[in-house]
Novice: 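The following block contains the structure, expressed as structure tokens.
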2 protein chains.
Amino acid sequence: MNAPVSTGSTREQIVAHAQTLIRQRGYNGFSYRDLAEHVGVKTASIHYYFPQKDDLLIEALNDYSSRTMQLINGIDESLPAAARLDRYAQMLAGGPRDQVCMCGMLAADFASVSDRVRAALQAFFRVHETWLTKVLTDGARDGSLKPCVDPQAEARTLFASFQGALLASRLFQTPERIFDVVAGIESRQAATAAR
Amino acid sequence: MNAPVSTGSTREQIVAHAQTLIRQRGYNGFSYRDLAEHVGVKTASIHYYFPQKDDLLIEALNDYSSRTMQLINGIDESLPAAARLDRYAQMLAGGPRDQVCMCGMLAADFASVSDRVRAALQAFFRVHETWLTKVLTDGARDGSLKPCVDPQAEARTLFASFQGALLASRLFQTPERIFDVVAGIESRQAATAAR
DNA sequence: GTCTATAAACGGATAGAC
DNA sequence: GTCTATCCGTTTATAGAC
């Protein structure tokens, strides 16, 4: 996923650059000073909009979540499930190579974030896992994916695979590892596949 | 995986507590002061052993890697592959609930670590992926796991699943998600399974 | 080897001018 | 709204006594 254009209001630019920095370096890996330099303002201006760093984190996370949700809701539900899964992987692989999912990053920063942020992260995970559950059950019906015993558990694992694959993709500097995930799923597709 | 007992030499205690702190909070989430308090020395003593934080990171990572490798080498190769996979998952789930894999954590901290650390992380990933590749191919032979088209790619995905599942397990405060991963694999086992 | 003391830069955060 | 100036604790790191 790509960062929004940074040509909006100061507030919007702050949020956009905060998302980028968190996805690159994590919550403890950037400062108001870093962020201010990226936006082209002074740190006091950031404190004007977001008195505490946690306030900034909450807004950056909520914005990221809703933009991500728009993207997955934009995936045409009339497509075969396997094709929707491909789109999802393309979405993940399409982001900058030096950035991972903001929520995967913040899950790693679990010890450093507030309970409010933790709850928002859980919500993000659940939304994606629910969407993937539907893909898996639809795939069993339309024949594009092999039926599985427990679609919810499979979806949890699948989402974990994507998050892990994003970290590995950056570590090895290749988007291949994201597509390994879908290739694995699809290599198990029913013989009577309808693509 | 559990941290080593912290009753060794000062140097050993520093390394052990550094591993714990990194697994809890990440590389940018702890300071020499935190570490010194845990060990019961002053920060200058830590600088005596590890002048730069990167020196400490390298040693903590190498120690973690070799201890982890001992653990996976300790999994009896005469066991059916599926049983070995169970052991692997138990090893991951057996660690403290507030800690994830040190290398998953540092993969998230990718932007903050030196090239030397990045290379060591890649090596860690490859070792585990290679071990899992062997489990998958053995599983196809002994019938305890379903054969797959590309065992190497499947192993990469499987390792990513475990890393992602560790993050999710901590986020949701339940080890269940680690066992989801093996349950998914084993639910695809061949009908003629030999366990 | 471990300590005290200190340097110098950085961290989040605030007050008040414009 | 954005700035300058500043507070004050923290951070990594070093010098030198014991």
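A note on names: the letters A, B, ... follow the listed sequences, proteins ahead of strands, and every chain is numbered from 1.
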Novice: Does a salt bridge link Arg141(B) with Asp138(B), judged by any charged N lying under 4.0 Å from a carboxylate O?
Specialist: yes

Novice: How close or far is atom P of dT4(C) from atom CD1 of Ile46(B), stated in whole angstroms?
Specialist: 14 Å

Novice: Is Thr10(A) near enough to dT2(D) that one of its side-chain N or O atoms lies under 4.0 angstrom from OP1 or OP2?
Specialist: yes

Novice: Dot-bracket for DNA chain C, 5' to 3', counting Watson-Crick or G-U wobble pairs under 3.5 Å, with [ ] for crossing pairs and | for inter-strand pairs?
Specialist: ||||||||||.|||||||

Novice: Would you say a side-chain N or O of Ser31(A) is under 4.0 Å from OP1 or OP2 of dG11(C)?
Specialist: yes

Novice: Tyr48(B) near the nucleic acid: base, sugar-phosphate alone, or nothing, with a heavy-atom cut-off under 4.0 Å?
Specialist: base

Novice: For the side chain of Lys53(B), starting at C-beta, report the closest nucleotide among dA13(C), dT2(D), dT12(D).
Specialist: dT12(D)

Novice: Consider side-chain contact (heavy atoms from CB on, under 4.5 Å). Of Asp54(B), Leu56(B), Asp55(B), which one does Ile58(B) pass it with?
Specialist: Asp54(B)

Novice: Work out which heavy atom in Arg170(A) is nearest to a heavy atom in Asp98(A); give both atom names and the distance.
Specialist: NH1-O, 3.2 Å

Novice: Check the phosphate of dA13(C) against Gln52(A), side-chain N and O only, distance under 4.0 Å to OP1 or OP2. Yes or no?
Specialist: yes

Novice: Quick one, Ile75(B) and Trp131(B) - any side-chain contact, counting heavy atoms below 4.5 Å?
Specialist: yes

Novice: Select base, sugar-phosphate, or nothing to describe what Phe30(A) touches, counting heavy atoms under 4.0 Å on all strands.
Specialist: sugar-phosphate

Novice: Take Ala44(B) and Arg33(B), find for each the nucleotide of DNA chain D with the closest heavy atom, and name the residue whose nucleotide sits nearer the 5' end.
Specialist: Arg33(B)

Novice: By nearest atom, which of the nucleotides dG1(C), dC3(D), dT12(D) is closest to the Ser45(A) side chain?
Specialist: dC3(D)

Novice: For Arg87(B), does the CZ atom have more than 12 heavy-atom neighbours from other residues, nucleotides or ligands under 6.0 Å away?
Specialist: no

Novice: Does Lys42(A) put a side-chain nitrogen or oxygen below 4.0 Å from OP1 or OP2 of dC3(D)?
Specialist: no

Novice: How many whole angstroms separate atom OH of Tyr32(A) from atom P of dC3(D)?
Specialist: 15 Å

Novice: Closer than 4.0 Å, any side-chain N/O of Tyr49(A) to the OP1 or OP2 of dT2(D)?
Specialist: yes

Novice: Can you tell which of Lys53(A), Arg116(A), Arg11(A) makes a salt bridge (Lys or Arg N to Asp or Glu O under 4.0 Å) with Glu59(A)?
Specialist: Arg11(A)

